[in-house]
Each structure stands twice: as C-alpha cells, then as structure tokens.
**Q** 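Just dropping this structure here.
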Amino acid sequence: MTVLLTNDDGFDSEGIKTLKEVFSTRHEVWIMAPVKNHSGASCCLSITNRIEVFKKGKNEYALLGTPVDCVLNALTSNVFPHRPDVVLSGINSDSNLGTDVLYSGTCGAARQASSFGVPGIALSIRNDYSGKTSQNYASLANFALENLDRLVSLCQEKYPPEEGGHYKYYLNINAPVTGPYRGVRFATLSKRHYGDTVRVLNESDERLFIDARYVGEQVKSLGDGTEDSAAVDNGMIAISMLYTEPQCYYGGGTWQDRTH
C-alpha cells in the first residue's frame with residue numbers, strides 16, 4: 001500500500017518518525033505534516049491563505065498549516081504522484097479519548113481523509129505525565145502495521161462507491177503509554193472532564209491577558225466500562241469507529257408538533 005502519514009504534533013515529532021520507520025519496511029510511505037504543533041486544531045483549515053510547503057525528502061513535505069490542510073493538499077494537489085491507499089494520523093503524544101475527538105487535530109486529519117474517500121486512522125498513546133515511563137510509539141506502530149488490512153476494512157465501503165464517495169467511518173485508536181498490550185477492544189466514547197482553569201490577568205500597562213489551561217493533567221473520564229478510557233486503563237488498545245459524516249436526529253413532525 002501507499003501510506004500517507006500526517007499528525008498534529010508536527011513534522012519532527014517522535015510519533016510520526018516511528019510510523020515512518022515501521023511502515024517503510026513493507027509499504028511506500030509519504031509524509032505531509034504540519035511544520036509545528038497544532039494540537040487542538042480539530043477540523044480547522046486555511047480557506048483564504050496561501051500555504052507554504054517545504055520539501056524534506058522524497059515524497060516528504062512539511063506544511064505551514066493545520067493537519068486538515070495537510071490531508072486536503074495531499075489528496076487534491078499534484079504534490080504526490082497519486083492518491084494514497086490509507087492515511088495514518090499520529091502517533092499522537094497523548095491520548096485522544098472520548099470527547100477529545102471534538103478538539104483533536106489528529107482525529108480531524110483522519111476524518112478529513114475518510115470524507116475524501118481514503119480510509120483515515122488516528123493513532124494516539126497515553127502520556128502518564130509522571131516522567132517515570134517512556135512512551136513507546138513502536139508498540140502501537142507495529143500493531144497498526146500487522147493489522148493494517150483489517151483496520152482499513154473497518155472504515156467500510158464508500159458512499160456513494162464511485163469517485164468522490166466518502167468512507168462511512170474513520171478510526172480513533174488509543175493505547176497505553178507502553179506495550180505489551182493486554183488485548184484489543186472496540187469501545188464507545190467516554191465523557192471527559194478536563195479541569196479547565198481560566199484566569200484573566202490585568203498587566204500594569206493596562207493590557208489584558210487570559211491565561212487558559214484547557215487540558216490539565218487530572219482529566220477525569222466517565223462511562224459504563226465499555227468506553228475507550230476504561231479499555232486503555234486496563235492496558236488494552238481501544239478502537240472506536242466514528243461516523244465520518246455528521247449525524248443528525250430527525251424525528252419527523254412539524255415545528256408546532258415538536259415545540260408543544
């Protein structure tokens with residue numbers, strides 16, 4: 001296969017370097033990743049700006065934009081000789097569990113790939129913040145390598161199947177900080193509470209700053225035991241199949257019926 005790698009940690013991050021090293025043993029690997037960190041970028045894209053691209057090697061580029069910009073340009077421009085068979089986003093340097101998927105640039109890139117007709121897979125490993133355990137990207141990279149065909153098949157067929165169709169799902173895969181893993185589990189999404197703190201600071205020159213800590217080290221996850229955070233807590237890889245297209249509830253009826 002031809003595998004396109006991207007991420008939200010930046011071109012020089014350890015996670016994407018490990019994916020390149022592991023996947024290059026069996027597949028043709030391309031890279032288009034942001035020049036710098038874009039964590040929390042979600043599905044942000046550049047609409048009006050020209051985007052500078054830096055060639056780093058054969059079929060390897062760093063882009064001065066977001067993760068979604070990377071996928072869009074990789075799939076729709078003539079930078080690469082043809083479209084890849086799959087897009088791997090990551091490996092992110094911390095987990096993207098539960099409601100993290102709303103904010104994650106890693107997940108945003110995978111979703112963009114599936115929406116453009118190329119299977120998108122987001123890969124993340126937990127960071128325990130203690131500094132006592134080194135993150136092992138290779139364990140998750142090798143899992144993805146050994147199971148790539150099965151993972152791609154989970155994205156299921158394109159809708160519609162002709163050119164321009166999108167894949168029904170993109171995958172969000174999370175793993176503990178290091179292997180070996182205790183198994184693999186399909187998981188629902190947990191509800192995450194981040195312990196956000198925001199302070200408004202008034203400086204002496206009358207400038208106003210907001211000092212925000214939106215993601216703390218004491219994140220709490222809620223669920224019923226089937227969720228992704230529970231699986232990772234138990235030493236397992238969690239795979240969540242997320243709809244590529246937004247889902248909308250429609251119960252029928254008129255405005256008057258539904259509002260009385």
Side-chain angles (χ1 to χ4, degrees), residues 1-8 19 22-23 26-32 42-43 45 59 67-92 96-102 104-124 140-175 183-189 226-228 231 236-252:
M1 289 190 189
T2 301
V3 179
L4 173 67
L5 305 182
T6 191
N7 66 4
D8 72 0
L19 279 178
V22 169
F23 273 81
R26 300 187 195 175
H27 301 281
E28 182 178 359
V29 173
W30 302 344
I31 299 177
M32 183 169 281
S42 187
C43 294
L45 73 160
N59 288 326
V68 165
D69 287 332
C70 291
V71 173
L72 278 171
N73 284 277
L75 299 186
T76 60
S77 71
N78 60 356
V79 171
F80 296 111
H82 56 83
R83 285 163 69 92
D85 298 303
V86 61
V87 173
L88 300 182
S89 182
I91 298 173
N92 199 59
N96 280 303
L97 298 164
T99 41
D100 295 348
V101 303
L102 298 173
S104 166
T106 306
C107 293
R111 180 183 180 184
Q112 189 65 49
S114 280
S115 71
F116 269 55
V118 177
I121 301 171
L123 300 163
S124 306
L140 184 55
N142 278 291
F143 167 81
L145 176 68
E146 297 299 331
N147 295 279
L148 185 60
D149 289 336
R150 298 168 71 182
L151 294 173
V152 167
S153 71
L154 291 175
C155 295
Q156 297 195 358
E157 66 271 20
K158 289 195 286 188
Y159 295 90
E162 61 267 18
E163 184 70 24
H166 66 269
Y167 277 88
K168 185 174 184 179
Y169 301 109
Y170 71 98
L171 304 186
N172 185 39
I173 302 177
N174 286 273
V184 183
R185 181 193 293 176
F186 286 106
T188 60
L189 296 180
T226 65
E227 73 278 4
D228 48 11
M236 305 180 74
I237 293 174
I239 300 178
S240 299
M241 298 170 59
L242 306 181
Y243 285 104
T244 299
E245 293 295 304
Q247 299 297 298
C248 174
Y249 172 76
Y250 174 69

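Side chains are part of it too, since the values below use all heavy atoms of this structure and drop only hydrogens, waters and symmetry mates.
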**Q** Whether the side chain of Ser114 engages the backbone of Gly120 through a donor-acceptor N/O pair (distance < 3.5 Å, no angle test) should be reported.
**A** yes
**Q** When you measure from the side chain of Ser77 to the backbone of Val79, do you find a donor-acceptor pair of N or O atoms at a distance under 3.5 Å?
**A** yes
**Q** Closest heavy-atom contact between Ser89 and Ala110?
**A**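 Taking every non-hydrogen atom into account, CB-N, 4.3 Å.
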**Q** Are Val87 and Tyr170 side-chain neighbours, meaning at least one heavy-atom pair lies under 4.5 Å?
**A** no
**Q** Please identify each residue that fulfils salt bridge (Lys or Arg N to Asp or Glu O under 4.0 Å) with Asp100, with sequence neighbours left out.
**A**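 Scan of Asp100 (salt bridge (Lys or Arg N to Asp or Glu O under 4.0 Å), adjacent residues dropped) gives Arg192.
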**Q** Quick one: do Leu154 and Phe186 satisfy side-chain contact (heavy atoms from CB on, under 4.5 Å)? Show the steps, please.
**A** CA-CA 11 Å; Leu154 291 175; Phe186 286 106; 3.8 Å; yes
**Q** How far apart are the C-alpha atoms of Asn92 and Leu123, what are their side-chain angles, what is the distance that settles it, and do they pass the side-chain contact (heavy atoms from CB on, under 4.5 Å) test?
**A** CA-CA 6 Å; Asn92 199 59; Leu123 300 163; over 6 Å; no
**Q** Checking Thr6 side chain against Val71 main chain: does a donor-acceptor pair fall under 3.5 Å?
**A** no
**Q** Give the C-alpha distance, both sets of side-chain angles, the deciding distance and a yes or no for side-chain hydrogen bond (donor to acceptor under 3.5 Å, both in side chains) between Thr106 and Asp8.
**A** CA-CA 5 Å; Thr106 306; Asp8 72 0; 3.2 Å; yes
**Q** Rounded to the nearest 0.5 Å, what separation is found between the CG atom of Asp69 and the CG atom of Leu45?
**A**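 Those atoms lie 6.0 Å apart.
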**Q** Report the residues that fulfil side-chain hydrogen bond (donor to acceptor under 3.5 Å, both in side chains) with Asn142, sequence neighbours left out, ordered by chain and then residue number.
**A**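 For Asn142, no residue satisfies side-chain hydrogen bond (donor to acceptor under 3.5 Å, both in side chains) once neighbours in sequence are set aside.
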**Q** Can you find a pair of side-chain heavy atoms, one from Phe116 and one from Leu72, that are under 4.5 Å apart?
**A**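 Yes, at least one pair of side-chain atoms sits under 4.5 Å.
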**Q** Answer whether the closest heavy-atom distance between the side chains of Val3 and Leu19 falls below 4.5 Å.
**A**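 Heavy-atom side-chain distance check fails, nothing below 4.5 Å.
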**Q** Can you sort out the partners of Tyr169 under side-chain contact (heavy atoms from CB on, under 4.5 Å), two or more places apart, ordered by chain and number?
**A** Gln156, Met241, Tyr243
**Q** First locate atom CG of Leu145, then atom CZ of Phe23, and finally report the distance between them rounded to the nearest 0.5 Å.
**A**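 One finds 5.0 Å between CG of Leu145 and CZ of Phe23.
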**Q** Would you give the length of the straight line joining atom CE of Met1 to atom CG of Leu88, rounded to the nearest 0.5 angstrom?
**A**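 Nearest 0.5 Å value for the CE-CG distance: 9.5 Å.
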**Q** Residues two or more places apart in sequence or in another chain: which of them pass side-chain contact (heavy atoms from CB on, under 4.5 Å) with Thr2?
**A**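 Expected list: Glu28, Trp30, His82, Pro84, Asp85.
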**Q** Quick one: does Ser115's side chain have a donor or acceptor within less than 3.5 Å of a partner on His166's backbone?
**A**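 No, because the side chain of Ser115 does not come within donor-acceptor range (under 3.5 Å) of the backbone of His166.
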**Q** Check whether any side-chain heavy atom of Pro119 lies under 4.5 Å from a side-chain heavy atom of Leu171, and answer yes or no.
**A**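 No, their side chains stay 4.5 Å or more apart.
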**Q** Any chance you could measure Ile173, atom CD1, to Ser240, atom OG, to the nearest 0.5 Å?
**A** 9.0 Å
**Q** Say you draw a straight line from CG of Asn174 to CG of Leu97; how long is it, rounded to the nearest 0.5 Å?
**A** 4.0 Å
**Q** Are the side chain of Ser104 and the backbone N or O of Asn96 linked by a donor-acceptor pair below 3.5 Å?
**A**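 Looks like no, no N/O pair under 3.5 Å.
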**Q** Are Arg26 and Glu146 close enough for a salt bridge, meaning some N to O gap below 4.0 Å?
**A**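 Salt bridge: yes.
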**Q** So, using side-chain contact (heavy atoms from CB on, under 4.5 Å) as the criterion, who are the partners of Ala175 when residues are at least two apart?
**A** Ile125, Leu140, Tyr181, Ile237
**Q** Ala74: what forms a side-chain contact (heavy atoms from CB on, under 4.5 Å) with it, not counting sequence neighbours?
**A**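 Ala74 satisfies side-chain contact (heavy atoms from CB on, under 4.5 Å) with Leu4, Met32, Phe80 once adjacent residues are dropped.
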**Q** Compare all side-chain heavy atoms of Leu148 with those of His27 and state whether any distance is below 4.5 angstrom.
**A** yes
**Q** Got a donor-acceptor contact below 3.5 angstrom from the Asp228 side chain to the Gly98 backbone?
**A**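 Between the backbone of Gly98 and the side chain of Asp228 there is a qualifying donor-acceptor contact (under 3.5 Å).
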**Q** Determine the minimum heavy-atom distance between Arg111 and Thr244, stating which atoms define it.
**A** NE-O, 2.8 Å
